[in-house]
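A, B, ... follow the sequence lines: proteins, then strands. Residue 1 opens every chain.
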Amino acid sequence: MPELPEVESIRLALDGRLTGEVVRWARINLQRIVRRGRIELLVGRRMLSTGRRGKFIWFDFEGEVRLFAHMGMSGTLLWLGDDIEEPSHVRAVLGFTTGRLAYRDPRTLGGLWIVSDGVSPWRKMGIDLLDPRFTTAEFARLLAGRRSSIKTTLMNQTLIAGLGNIYTSETLFRAGIHPGRPARELKPDEVRRLHRSIIDTLKSAIKNRGTTFRDYRLSDGRSGGFQDFLKVYAKDGEPCPHCGGPIKRTVQAQRSTYYCPRCQR
DNA sequence: AGCTCACCCTGGACGC
DNA sequence: TGCGTCCAGGGTGAGC
């Protein structure tokens, strides 16, 4: 589910609430959601800070212990006050003095990692899209020689980390670039436009607390707001906001892509 | 090394 | 109401 803006929105909402708090107890409802380590290792430890890279979020605890979470397609982290009942599909819970942090994931495609040896859960992750080192020049370097489509390439987390299916469609539309173009054939001017579009789209989405489609919620239960600003995603057949022609849906690498055939070349 | 595909899961929407 | 089918914000690992 969540892409960079949703994960960052969750992190921002939890950071102020959890930093400095001590884990009192922990519970796992579905064991296979824990991909590495033991959740009990967190009990008694104070949370020091939060972080994010790509679509991974993490929480640093005393004693060099770090909890990583990846939400997969349907996961989220919910803050539950003491009076709030636990919703369905909660796979793990951490208890604090002021409330509980619940990992909810209906499809169980996400996971948790409890790490004390400094080893990150990802095999290879590209540069985070909000990292200042993600420049136009760096972007051009990463795209060079890539034969696959720009849509598929933007989704490749080992190159650049953070874009998923919603924001790739949106960012390509905003840059006026056809999703089927081979990545290596983009002109320098188009690379610049796309780079600008990626950063602008992500920042704007974060400002709006992400996109709510189906059941994504922020940790306090609120919806995101960026769905009101989507221009093409899930809008096949609807008029393009630029030219009025019909938005098209196509499938690339088994995922839906939405675009305007007239505005995106 | 780069690329494509099948697969991992559950739930909701839709058609009959 | 019930059943079958399709679809969904993602990542991996095998095989070419």
Return the value, rounded to whole Å, for the distance between atom [atom1] of [X] and atom [atom2] of [N].
X       : N       : atom1 : atom2 : value
Q252(A) : dA8(C)  : CD    : C1'   : 17 Å
Q254(A) : dC6(C)  : CD    : C1'   : 15 Å
L142(A) : dA1(B)  : CG    : C1'   : 15 Å
E6(A)   : dA8(C)  : CD    : C1'   : 14 Å
R36(A)  : dT12(C) : CZ    : P     : 15 Å
Q227(A) : dA8(C)  : CD    : P     : 18 Å
R255(A) : dC7(C)  : CZ    : C1'   : 11 Å
R147(A) : dC16(C) : CZ    : P     : 19 Å

**Prompt:** Can S197(A) and T171(A) be counted as having a side-chain donor-acceptor contact under 3.5 angstrom?
**Reply:**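 The criterion, which ignores hydrogens and geometry beyond distance, is satisfied for T171(A) and S197(A).
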**Message:** From the set dC3(B), dC7(C), dG10(C), return the single nucleotide nearest to any side-chain atom of R249(A).
**Reply:** dC7(C)
**Prompt:** Of all the nucleotides listed (dC3(B), dT4(B), dC9(B)), which has the minimum atom distance to the side chain of T152(A)?
**Reply:**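 The listed nucleotide nearest to T152(A)'s side chain is dT4(B).
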**Request:** Please give the nucleotide sitting opposite dC9(B) as a Watson-Crick or G-U wobble pair, both distances under 3.5 Å, or none.
**Result:**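 Looking at the geometry, dC9(B) pairs with no nucleotide.
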**Request:** Tell me which of R123(A) and R107(A) sits closer to the 5' end of DNA chain C, going by the nucleotide each one is nearest to.
**Result:** R107(A)
**Item:** Salt bridge flag under 4.0 Å for residues R46(A) and E62(A)
**Value:**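 So R46(A) pairs with E62(A) through a salt bridge.
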**Message:** What I want to find out is whether K187(A) reaches D189(A) closely enough, with some N-O distance under 4.0 Å, to be called a salt bridge.
**Reply:**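 So K187(A) does not pair with D189(A) through a salt bridge.
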**Item:** Centroid separation F173(A) to Y259(A) less than 6.0 Å
**Value:** no
Could you tell me whether the phosphate oxygens of [N], OP1 or OP2, come under 4.0 Å of any side-chain nitrogen or oxygen in [X]?
X       : N       : value
S256(A) : dA8(C)  : yes
R146(A) : dG2(B)  : yes
H70(A)  : dG10(C) : no
R32(A)  : dT10(B) : yes

**Asked** How is Y233(A) classified with respect to the nucleic acid when contacts are heavy atoms under 4.0 Å: base, sugar-phosphate, or nothing?
**Response** sugar-phosphate
**Request:** I would like to know whether R52(A) and D15(A) meet salt bridge (charged side-chain N to carboxylate O under 4.0 Å, His left out); could you show each step before the answer?
**Result:** CA-CA 11 Å; R52(A) 181 195 59 74; D15(A) 187 83; over 6 Å; no
**Message:** Taking the nucleotide of DNA chain B with the nearest heavy atom to each, does L159(A) or R91(A) sit closer to the 5' end?
**Reply:**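 Its nearest nucleotide lies further toward 5', so the answer is L159(A).
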